[in-house]
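Numbered from 1 within each chain, the chains take letters A, B, ... in sequence-line order.
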Amino acid sequence: MAYWLFKTEPHEYSIDDLALAGSSGAPWDGIRNYQARNLLRDQVALRDRVLIYHSSCSAVGVVGIARISRTAYVDPDQYDSTSPYYDHKATADAPRWYRVDLVFEALFPKRVSLATIKNTPQLSDMVLLRQPRLSIQPVTDSQWRQINALANAGC
DNA sequence: GCCAACGTTGGC
DNA sequence: GCCAACGTTGGC
C-alpha cells in the first residue's frame with residue numbers, strides 16, 4: 001500500500017465536500033497534467049491512503065486524509081464540450097485523462113501548514129517542496145508518519 | 001493582484 | 001526536435 005498527496009483548491013472542492021460525500025466516496029476529477037495522470041493511471045492502487053492538501057487559499061497545508069475507493073477510470077468530462085475539463089484531442093479510442101474515486105477518512109485535529117512542512121527538516125525531501133506544481137504526488141512512509149504526528153501534536 | 005516557475009503548444 | 005510564446009499554478 002502506498003501513500004499520496006492530492007492537492008485541491010478548497011474554494012473549488014475542499015475536504016469538507018469530500019466528507020459530505022460520505023462512505024460512497026467521490027470522483028477526484030480535473031487532473032490535466034501528464035505526470036499526475038501517469039501516477040493516477042499506473043500507480044495509484046485500491047485502498048492507498050492520501051493526504052489532502054489545500055492550495056491557493058489563506059490556509060495552505062495538509063488538512064486530512066482519504067483513501068482510494070476506485071482505481072483509475074476514464075474521466076468522462078474530457079468528452080463534454082460544456083465542461084471546463086473538455087479536451088478536443090481526446091477520443092474514445094485514445095482517452096487522455098483519468099480519475100480515481102476517494103473516500104473521506106479523517107480531518108486532522110490541526111492543519112499541517114506549508115510553513116510547518118518547510119520548517120521540518122525530516123520533510124525537506126517532500127515532492128511538494130521540490131515540484132510545487134504537481135497535483136498528485138507520492139509520499140514516503142516516513143513522511144506520512146511525520147505529517148500525522150504534526151497533525152496531532154499537542155492534542 | 002503580482003509574479004516566478006514551469007508545463008504545453010505549435011511553427012519551423 | 002527545438003524553442004519561443006503562451007497559459008497555468010500557486011505562494012505571497
Whole angstrom is fine here: how far is it from [atom1] in [X] over to [atom2] in [N]?
{"X": "A:N33", "N": "C:dG10", "atom1": "CG", "atom2": "C1'", "result": "14 Å"}
{"X": "A:K118", "N": "C:dG11", "atom1": "NZ", "atom2": "P", "result": "8 Å"}
{"X": "A:N38", "N": "B:dT8", "atom1": "CG", "atom2": "P", "result": "10 Å"}
{"X": "A:R37", "N": "B:dG7", "atom1": "CZ", "atom2": "P", "result": "15 Å"}
{"X": "A:K7", "N": "C:dG10", "atom1": "NZ", "atom2": "C1'", "result": "7 Å"}
{"X": "A:Y85", "N": "C:dG7", "atom1": "OH", "atom2": "C1'", "result": "16 Å"}
{"X": "A:R133", "N": "B:dC3", "atom1": "CZ", "atom2": "P", "result": "17 Å"}
{"X": "A:L134", "N": "B:dT8", "atom1": "CG", "atom2": "C1'", "result": "15 Å"}

Can you find a heavy atom in the side chain of A:R49 that is under 4.5 Å from one in the side chain of A:W4?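 They are not in contact (no side-chain heavy atoms under 4.5 Å apart), so the answer is no.
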Kindly indicate whether the side chain of A:D42, heavy atoms from C-beta on, has any atom under 4.5 Å from the side chain of A:Y98.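 The answer is no, as the side chains (C-beta and beyond) never meet within the 4.5 Å cut-off.
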5′-ward residue of the pair A:Q35/A:K89 relative to DNA chain B: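 It is A:Q35 whose nearest nucleotide is closer to the 5' end.
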If each of A:R130 and A:R96 is mapped to the nucleotide of DNA chain B with the nearest heavy atom, which maps nearer the 5' terminus, i.e. the 5' end?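 Closer to the 5' end of DNA chain B: A:R130.
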C:dG7, B:dT9, C:dG11: which one has an atom nearest the side-chain heavy atoms of A:Y34?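 Between C:dG7, B:dT9, C:dG11, the one nearest the side chain of A:Y34 would be B:dT9.
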Is there a donor-acceptor pair closer than 3.5 Å between any side-chain N or O of A:T120 and the backbone N or O of A:T116?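 Yes: the side chain of A:T120 pairs with the backbone of A:T116.
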Counting only side-chain nitrogens and oxygens, does A:Y53 get under 4.0 Å of the OP1 or OP2 atom of C:dG11?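 Indeed, a polar side-chain atom of A:Y53 lies that close.
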Quick check on side chain to side chain donor-acceptor pair (under 3.5 Å): which of A:R96, A:R32, A:Q78 does A:D87 satisfy it with?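 Filter result, single survivor: A:R96.
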